[in-house]
There are 2 protein chains.
Amino acid sequence: MPPTHPLNQEVSLSVIKTACSNCNLRELCLPLGLSLEELERLDDLVSTRRRIKRGDHLYRAGEGFDSIYAIRSGFFKTDVLLEDGRDQVTGFQMAGELLGLDGISTEHHTCNAIALEDSEVCAIPFSRLEVLSREIHTLQHHFHKVMSREIVRDHGVMMLLGTMRAEERLAAFLLNLSQRFTSRGFSHAEFYLRMTREEIGSYLGLKLETVSRAFSKFQEEGHIAVQQKHIRILNVSGLKALMNHQR
Amino acid sequence: MPPTHPLNQEVSLSVIKTACSNCNLRELCLPLGLSLEELERLDDLVSTRRRIKRGDHLYRAGEGFDSIYAIRSGFFKTDVLLEDGRDQVTGFQMAGELLGLDGISTEHHTCNAIALEDSEVCAIPFSRLEVLSREIHTLQHHFHKVMSREIVRDHGVMMLLGTMRAEERLAAFLLNLSQRFTSRGFSHAEFYLRMTREEIGSYLGLKLETVSRAFSKFQEEGHIAVQQKHIRILNVSGLKALMNHQR
DNA sequence: GCGTTGGCTTGATCCATGTCAACCACAGAA
DNA sequence: TTCTGTGGTTGACATGGATCAAGCCAACGC
């Protein structure tokens with residue numbers, strides 16, 4: 001690298017930090033097995049970053065859609081509102097995951113995306129992603145896989161909501177979180193929940209009291225240790241076994 | 001058209017009948033606003049048809065994935081099986097809709113697709129669809145919209161399973177079916193259900209007895225007339241009103 | 001320190017839906 | 001025609017989770 005003026009160097013560093021090619025989430029997010037030249041073109045596409053404060057919306061249902069978002073850091077929930085005021089959390093998203101795929105279909109977002117902690121996302125203009133994915137085949141295929149994975153995930157949630165009882169649902173939820181934290185290099189056994197009991201309940205189709213009781217029961221039975229939002233998983237196979245207590 | 005030998009003519013007719021360009025479902029399915037030349041290329045892609053008998057599988061969970069399927073005629077359900085034997089119907093699909101999108105993610109199907117009546121589908125080899133959609137932009141965009149629509153639809157089902165009570169679920173289900181029949185040119189008010197009460201229940205997260213009771217209640221209240229699988233909707237707004245009876 | 005607030009826990013009670021069981025209706029086979 | 005099987009309906013009863021209500025805990029501002 002040629003010597004640079006200190007200020008220039010700082011600017012160039014910050015640019016590097018923003019780039020996909022240098023992002024430690026690149027395996028979870030869009031790019032995968034690209035050539036250097038292709039990575040550069042991707043960096044160019046994903047150049048806009050946005051910071052979202054805890055509690056703020058990344059987008060709202062009804063707003064026009066033009067970008068999908070890759071979460072660089074932080075934690076989000078998405079929820080859908082019915083006219084009568086009822087709402088349901090449709091998912092929790094963490095670093096390395098994508099947000100906004102629902103907006104492609106109508107060109108309007110169909111749910112709200114809300115940060116559960118201070119977060120940072122990369123905006124990916126969708127029409128430009130389509131252009132680029134025509135040229136980079138692996139990008140195209142990877143994107144199709146990501147969309148398909150979302151459909152499969154939703155089927156899993158439908159299964160959970162349609163056939164599982166309260167404790168099974170919570171066990172499945174905890175195991176899923178644990179697995180996702182693990183694949184991001186965090187502890188699989190110890191983590192902080194970013195969402196309230198009410199949000200968990202909404203996601204699982206339960207009332208917050210039921211969620212709370214299930215947490216207490218799991219603790220009594222020695223499967224987990226709960227202290228507010230701090231969770232330690234003591235017995236993974238115990239939790240897995242719980243998932244077969246069908247009615 | 002040049003004069004042909006009778007046998008040739010018959011062959012040529014059957015080819016025409018198979019083609020996308022001549023399929024009366026073309027607005028619902030993949031192609032949309034394509035040039036003649038583009039339509040021909042699509043016809044070439046979607047050349048394999050398969051007949052599936054009532055009760056037979058189009059594909060099974062775990063099988064390798066290589067094609068998605070456009071339903072040309074008939075009616076399907078998809079379901080997911082848990083190891084412990086529980087299963088859940090994840091959707092009902094009718095003519096003009098696509099099947100198999102879940103398989104893209106892992107290159108294996110993740111659910112079973114079963115014909116609820118004698119049906120006919122067009123197989124669309126996925127890798128060739130990807131090639132063609134790189135070249136035909138409207139095809140690419142339409143396909144992305146279709147996948148996204150599937151995600152939005154699943155969110156709707158999650159909402160239904162997570163926040164609605166039994167009668168609301170069934171009302172939503174009937175209204176959805178009615179709307180889909182309508183958009184295919186069938187009566188919005190009168191149709192035959194292709195699935196059993198048990199399958200409806202599985203889809204809605206209810207037991208078949210609950211579904212049956214809800215049908216009876218709707219009939220008592222004059223919203224519908226039920227005779228086995230034959231349904232007449234007498235009062236659409238009544239059903240819609242039912243959907244706001246939250247707890 | 002103290003009070004306030006939001007989130008969490010726990011208990012008592014209720015009710016929607018599941019469960020179990022009997023019976024009915026239609027379709028297809030004999 | 002009767003027989004048989006599958007799917008549908010209906011009733012009586014059981015129960016998981018919702019609801020209502022009280023109190024607890026930790027964080028934060030004063």
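Residue numbering restarts at 1 for every chain, and letters A, B, ... go by the order of the sequence lines.
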Notebook entry, point to check: For B:Glu198 and D:dG7, what is the distance between atoms CD and P respectively, to the nearest whole Å?
Noted result: 8 Å
Next item on the list: Verify whether one side chain among A:Asn235 and A:Ser237 offers a donor that lies under 3.5 Å from an acceptor in the other.
Entry: yes
Next item on the list: Measure from CD on A:Glu199 to P on C:dG6 and round the result to the nearest Å.
Entry: 15 Å
Next item on the list: Let me know the distance between NE2 of A:His230 and P of C:dC8, rounded to the nearest Å.
Entry: 15 Å
Checklist line | Spacing of B:Arg197 atom CZ relative to D:dT10 atom P, expressed in whole Å | finding: 10 Å
Next item on the list: Provide, to the nearest angstrom, the distance between the CZ atom belonging to A:Phe215 and the P atom belonging to C:dT10.
Entry: 13 Å
Next item on the list: Considering just the side-chain nitrogens and oxygens of B:Thr196, establish if one lies under 4.0 Å of OP1 or OP2 belonging to D:dT6.
Entry: no
Notebook entry, point to check: Does a side-chain N or O from A:Lys229 land closer than 4.0 Å to OP1 or OP2 of C:dG7, or not?
Noted result: no
Notebook entry, point to check: Hey, is the side chain of A:Ser212 poking within less than 4.0 Å of OP1 or OP2 on C:dT10, counting only N and O atoms?
Noted result: no
Item checked: Among B:Lys53, B:Arg194, B:Arg54, the one residue meeting side chain to side chain donor-acceptor pair (under 3.5 Å) with B:Glu117 -> B:Arg194
Margin query: How many whole angstroms separate atom CE of B:Met164 from atom C1' of D:dG17?
Written below: 20 Å
Check: Taking the inter-plane angle between the rings of A:Phe75 and A:Phe92 on a 0 to 90° scale, is it parallel (under 30°), tilted (30 to 60°) or perpendicular (over 60°)?
Finding: tilted
Checklist line | Sugar-phosphate, base or nothing in reach of A:Gly201, heavy atoms under 4.0 Å | finding: nothing
Item checked: Spacing of B:Gln227 atom CD relative to C:dC24 atom P, expressed in whole Å -> 18 Å
Checklist line | A:Phe215 and A:Leu170, any side-chain heavy atoms less than 4.5 Å apart | finding: yes
Checklist line | Shortest side-chain distance from A:Ser216, nucleotide among C:dT10, D:dG17, D:dA18 | finding: C:dT10
Next item on the list: Among C:dT10, D:dT19, C:dG18, find the nucleotide with the atom closest to the side chain of B:Leu206.
Entry: C:dG18
Check: Are OP1 or OP2 of C:dG18 and a side-chain N or O of B:Thr210 less than 4.0 angstrom apart?
Finding: yes
Next item on the list: Would you kindly give the CG-to-P distance between A:Leu208 and D:dG17, to the nearest whole Å?
Entry: 15 Å
Check: Is the base of C:dT19 touched by the side chain of B:Arg213 through a donor-acceptor pair closer than 3.5 angstrom?
Finding: yes
Notebook entry, point to check: Under the 3.5 Å rule, do the base of D:dC20 and the side chain of A:Glu209 count as making a donor-acceptor pair?
Noted result: yes
Item checked: Of the listed nucleotides D:dA26, C:dA25, C:dA16, the one nearest the side chain of B:Gln228 -> C:dA25
Notebook entry, point to check: How are the rings of A:Phe218 and A:His223 set relative to one another: parallel (under 30°), tilted (30 to 60°) or perpendicular (over 60°)?
Noted result: perpendicular
